[in-house]
Amino acid sequence: MWARVVSALSSARRGVARYPVAAFMLISVGAGFVTAAVPPIVDSEILPFGLPLHGVVGGVLGVGLAAFLVTAALAGRAGVADLVRRIVRWRVSVCWYLVALFTVPAGATLISLAIYGPRVLVAPSGGWPRVLAEVAAVFVLQLVLFQLPEEIGFTGFLQDHWQGRYSPLKLTLYVALLWAVWHLPDHFAEEGWGVEQLISAPVVFVVEFVSLFFARALFVWFYNLTGSSVLLVAIFHASFDAAYNQLSYDVVPGSNTARFLIFSAVIVVFATAVIIATKGQLGRRAAARSVEGEIAVEHALDDAARREDPRRSDSRDASDRQQGGDQNAV
């Protein structure tokens with residue numbers, strides 16, 4: 001019996017190692033749909049500030065756990081240790097913390113000022129200290145319970161796994177696409193499981209994908225310039241969510257649509273500027289050519305020369321044989 005269990009686990013590990021991205025998405029999206037379909041989890045109000053419990057369960061047990069399981073199947077203990085190091089990598093320049101923490105709230109406030117004027121800064125009931133304290137509390141909760149598990153999966157595993165395989169913009173596109181798929185259970189958890197919600201799901205997916213593409217471009221940029229720090233990416237992500245979920249009600253005196261558009265505009269403008277400034281490289285440095293690469297290039301050039309002029313190949317081979325004979329004689 002024990003031998004069968006071990007054999008089954010070994011087969012499962014080989015399957016995960018062979019199709020790591022498919023395994024990661026199956027676990028992540030599966031956990032998301034399961035938790036979004038369980039009424040006690042969806043209807044729970046045990047978390048403060050109206051934060052959804054299904055998002056915590058789906059993120060921690062889905063994305064975060066999936067990242068560690070797939071990494072373990074791919075690279076064993078060494079891979080898991082490397083993932084942990086990138087998750088807790090905090091020794092980066094202070095300026096990156098400032099950018100991650102304040103870009104979105106400051107940018108959205110300035111845009112709102114330009115649209116609505118000085119009334120944006122009128123102190124809300126309870127005063128600005130209360131508002132800022134609540135934003136800080138939501139930020140900590142978002143970071144620990146939501147964004148860090150989410151970015152362990154989509155940055156620490158998926159983005160890093162594809163990092164050397166695709167160009168930065170293709171990487172951004174592909175990760176954003178799967179990231180949007182993972183967000184679909186949230187739509188059903190919030191809107192219900194009726195036919196109307198099913199019909200509107202493709203539209204929600206397209207909107208999610210477009211907005212997440214620009215956000216992921218910034219995450220790729222952050223990740224490249226902070227020495228592969230998952231933590232800094234999660235901080236930036238949590239800053240956006242905390243500012244949108246809490247601060248936006250006090251700095252945007254408009255509708256929910258206006259709140260969404262203003263805060264999304266910060267991401268779109270920032271990401272577009274980064275893409276243009278980096279010429280689409282998003283902070284990735286060109287890899288130095290290795291010795292093996294130089295040898296491969298030389299062989300390729302030799303093969304091309306032989307095809308163009310077979311006599312050149314014969315003369316070179318004769319020269320090589322002569323040099324070999326001279327070396328043997330010595």
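The chain is numbered in sequence order, starting from 1.
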#### Entry: Test side chain to side chain contact (heavy atoms under 4.5 Å, CB included) applied to Arg89 and Thr226, step by step
CA-CA 9 Å; Arg89 185 164 292 157; Thr226 58; over 6 Å; no

### Message
Quick check on the hydrophobic clustering: are Val38 and Leu47 connected, directly or via other members, by side-chain heavy-atom contacts under 4.5 Å?
### Response
yes

### Query
Are Val42 and Phe146 connected in a single hydrophobic cluster, I mean Ile/Leu/Val/Met/Phe/Trp/Tyr linked by side-chain heavy atoms less than 4.5 Å apart?
no

### Query
For Leu65, what are the other residues in its hydrophobic cluster, where any two members join if their side-chain heavy atoms are less than 4.5 angstrom apart?
Ile27, Leu69

## Note on the structure
In short, Phe49 meets Gln246 closest at the heavy-atom pair CD2-OE1, 3.8 Å

### Sequence neighbours excluded, every pair satisfying salt bridge (charged side-chain N to carboxylate O under 4.0 Å, His left out) that has a member inside residues 151-171
Arg86-Asp160, Glu151-Arg216

### Query
Ala100 and Ile235: which non-hydrogen atoms are nearest, and at how many Å?
CB-CG2, 3.9 Å

#### Entry: Aromatic centroids of Trp179 and Phe219 separated by under 6.0 Å
yes

#### Entry: Geometric class of the Tyr244/Phe263 ring pair [parallel <30°, tilted 30-60°, perpendicular >60°]
perpendicular

### Message
Hydrophobic clusters here meaning ILVMFWY residues chained together by side-chain heavy-atom distances under 4.5 Å, can you tell me if Tyr249 and Leu141 are in one?
### Response
no

### Query
Has Tyr19 got more than 12 heavy atoms of other residues, nucleotides or ligands less than 6.0 Å from its OH?
no

### Query
Between Leu74 and Phe157, does a side chain to side chain contact (heavy atoms under 4.5 Å, CB included) hold up when you go through it step by step?
CA-CA 11 Å; Leu74 272 175; Phe157 167 69; 4.0 Å; yes

#### Entry: Residues Gln163 and Asn224: side-chain donor-acceptor under 3.5 angstrom
yes

### Task
Say whether Trp128 and Val120 are linked into one hydrophobic cluster, either directly or through other cluster members, by side-chain heavy-atom distances under 4.5 angstrom.
yes

## Note on the structure
Distance col, row Ser264:OG vs Phe240:CZ, nearest 0.5 angstrom, shows 5.0 Å

### Message
With side chain to side chain contact (heavy atoms under 4.5 Å, CB included) as the criterion, how do Val175 and Tyr166 come out once you've worked through the C-alpha distance, each side chain's angles and the decisive distance to 0.1 Å?
### Response
CA-CA 11 Å; Val175 176; Tyr166 302 111; over 6 Å; no

### Summary
Scanning both residues in full, the closest heavy-atom pair of His183 with Leu212 reads ND1-CD1, 3.7 Å

### Message
As a quick check of understanding, evaluate side chain to side chain contact (heavy atoms under 4.5 Å, CB included) for Leu148 and Ile87, giving each step before the final call.
### Response
CA-CA 8 Å; Leu148 191 55; Ile87 292 170; 4.3 Å; yes

### Task
First locate atom CG of Asp250, then atom CG of Leu121, and finally report the distance between them rounded to the nearest 0.5 Å.
11.5 Å

### Message
For residues 122-141, which residue pairs pass the salt bridge (charged side-chain N to carboxylate O under 4.0 Å, His left out) check, not counting sequence neighbours?
### Response
Arg130-Glu134

## Note on the structure
What one should report as the nearest heavy-atom pair of Phe68 and Val84 is CE2-CG2, 3.8 Å

#### Entry: salt bridge (charged side-chain N to carboxylate O under 4.0 Å, His left out) contacts in which one or both residues fall within residues 101-124, not counting sequence neighbours
none

### Task
Please report the shortest heavy-atom distance between Phe214 and Val268, naming the atom on each side.
CD1-CG2, 3.9 Å

### Query
Between Trp182 and Gly59, which heavy-atom pair has the shortest distance, and what is it?
CZ2-CA, 4.2 Å

### Message
With side-chain contact (heavy atoms from CB on, under 4.5 Å) as the test, pick out the partner of Pro105 among Val251, Leu247, Val135, Val266.
### Response
Leu247

#### Entry: Shared-cluster residues of Leu132, by chain and number - hydrophobic side chains joined below 4.5 Å
none

### Query
Sequence neighbours excluded, which residues qualify as side chain to side chain contact (heavy atoms under 4.5 Å, CB included) partners of Asp241?
Gln142, Gln147, His237, Asn245

### Query
According to a 4.5 Å side-chain heavy-atom criterion applied to Ile, Leu, Val, Met, Phe, Trp and Tyr, with indirect links allowed, do Ile276 and Val274 form part of one hydrophobic cluster?
no

### Query
Is the ring centre of Phe236 less than 6.0 Å from the ring centre of Tyr223?
no

